[in-house]
Amino acid sequence: MTRTPTRLVTIPFSHYCEKARWSLTHCGVRFAEDPHMPLLHWLPALRAGGGRTVPVLVADDARVLADSTDIAAWADARSAGALRREPAALALEDDFDRQLGPATRRWGYQQLLPREDLLELMRGNVPDWELAVLRVTRPLATALLRRGLEVTPAGVARSHAKIDAVFARVGELLADGRRYLTGAEFSIADLTFAALASPVLRPAEVPFGIPADLVLAPAATAQVAAWRATPAGRFALDLYAHQRGLSA
Ligand SMILES: N[C@@H](CCC(=O)N[C@@H](CS)C(=O)NCC(=O)O)C(=O)O
């Protein structure tokens, strides 16, 4: 059988895509990224055999995985267990996927959607024609994203409270001095927490997407600094500094 290189269809600044990307890197799986803008990712995702969301992985054996959790499990199986996935870690992964991911995404979009420079920031990361289409359709695209992701004052306030609650729970876990969330070893729980917290912590080591040094509005900048200063925020930033580039 002819094998084509493993391909990851993404939105470059999506944190679920970052979770999949980090899992693949950690497990030493080589892949090519196929990045697209939100809304325009639908067609490539569907064409790849996935659904409406990214990441979608098309493996070199033509297998298709359309969820970051499945991609992490697949990467781990390929690398004979490089990514620890014991039941406690999987339970935390699932909780972060359900609670933290949607909340940090909503908070991030609240900062980004009003920005005139968002499209230019993505130049070089996605096909140019996608930027041209979104430039012309920007009001409609923005309205669709706001409605689809519930980026409203009430939605953002709820998400802010949820992020605080998840960060507090992570802080409680770490309070006994453990190195990682489930004990002495780095696991999928740690990776998932850091990746899904990245839109509100903005670590410099995220390899693709919104530049970490992009200046946000003063209130958002202050909020990022406050989240960074929490035990959970410091923990995630430390994971990015020391684990993000490493294969197991
Ligand atoms: N449970 C999925 C969630 C993926 C997800 O929500 N992806 C977002 C990007 S952050 C997406 O593709 N949204 C597009 C849409 O819903 O149309 C996973 O872990 O892969």
Side-chain angles (χ1 to χ4, degrees), residues 6-27 29 31 33-59 63-76 83 85 89-113 118 121-122 125-126 130 133-134 137 140-152 155-156 159 162-163 166 188-202 206-210:
T6 295
R7 179 165 63 104
L8 188 68
V9 183
T10 67
I11 294 170
F13 52 85
S14 151
H15 54 348
Y16 289 102
C17 294
E18 165 61 2
K19 176 187 161 195
R21 203 191 271 136
W22 187 348
S23 300
L24 292 164
T25 305
H26 183 83
C27 293
V29 178
F31 65 99
E33 186 150 344
D34 178 11
H36 297 276
M37 286 302 281
L39 303 176
L40 299 177
H41 72 281
W42 284 345
L43 196 56
L46 289 170
R47 268 207 194 125
R52 255 184 51 171
T53 65
V54 287
V56 178
L57 183 98
V58 185
R63 194 159 162 207
V64 175
L65 299 163
D67 186 274
S68 63
T69 297
D70 296 340
I71 295 168
W74 176 86
D76 181 50
L83 194 49
R85 300 176 66 257
L90 292 179
L92 282 171
E93 177 190 23
D94 188 54
D95 187 62
F96 296 142
D97 279 347
R98 288 172 196 278
Q99 307 291 331
L100 183 64
T104 54
R105 175 172 56 199
R106 189 172 292 122
W107 191 90
Y109 267 112
Q110 165 76 355
Q111 316 313 318
L112 294 174
L113 283 177
L118 177 60
L121 287 172
M122 286 298 103
N125 284 336
V126 295
E130 295 188 2
V133 168
L134 287 176
T137 58
L140 176 65
T142 303
L144 283 173
L145 286 167
R146 277 196 187 280
R147 205 174 59 186
L149 298 172
E150 220 192 316
V151 185
T152 60
V156 173
S159 292
K162 196 160 270 181
I163 296 165
V166 175
I188 187 63
D190 305 296
L191 185 157
T192 303
F193 175 66
L196 297 188
S198 65
V200 304
L201 296 174
R202 313 187 66 225
V206 176
F208 231 149
I210 307 296

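One-based numbering, in listed order, for ligands and for the atoms of each. Remember, predicted model here, so these are calculated numbers, not experimental data.
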### Task
Among all protein heavy atoms, pick the one closest to atom 16 (O) of ligand 1 and tell me residue, atom and distance.
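The protein heavy atom lying closest is T53 CG2, 3.7 Å.
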
### Task
Starting from atom 19 (O) of ligand 1, find the nearest protein heavy-atom neighbour and note its residue, name and distance.
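Here the closest protein heavy atom is S68 OG, 2.6 Å.
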
### Query
Which option out of K19, H41, E18 puts a heavy atom nearest to atom 14 (C) of ligand 1?
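The residue whose heavy atom sits nearest atom 14 (C) of ligand 1 is H41.
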
#### Entry: Minimum heavy-atom distance between H15 and P199, given as atom pair plus value
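Closest approach of H15 to P199: CD2-CG, 3.5 Å.
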
### Query
What pair of heavy atoms forms the shortest contact from L134 to P38, and how long is it?
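Shortest heavy-atom separation between L134 and P38 comes out as CD1-O, 4.2 Å.
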
### Electrostatic pair R7:E33 at N-O distance under 4.0 angstrom
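Salt bridge flag = no for E33 with R7.
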
Pull out every atom of ligand 1 sitting under 4.0 Å from any heavy atom of [X], numbered as shown with elements.
X	value
R105	5 (C), 6 (O), 7 (N), 8 (C), 9 (C), 10 (S)
S14	9 (C), 10 (S)
P55	20 (O)

### Message
Taking the side chain as everything from C-beta on, heavy atoms only, tell me whether K19 gets closer than 4.5 Å to F96.
### Response
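No. Closest side-chain heavy atoms not under 4.5 Å.
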
### Task
Taking atom types as modelled, find out whether T10 and H36 have a side-chain donor-acceptor pair closer than 3.5 angstrom.
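There is no such pair between these side chains.
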
#### Entry: Inter-residue atom distance L57.CG - S68.OG, 0.5 Å rounding
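Between L57 CG and S68 OG, I get 11.5 Å after rounding to 0.5 Å.
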
### Message
To the closest 0.5 Å, what do you measure between CG (L145) and CD (E150)?
### Response
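Nearest 0.5 Å value for the CG-CD distance: 14.0 Å.
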
Looking only at distances, can you tell me whether any N or O atom of [X], backbone or side chain, sits closer than 3.5 Å to an N or O atom of ligand 1?
X	answer
V54	yes
D67	yes
W42	yes

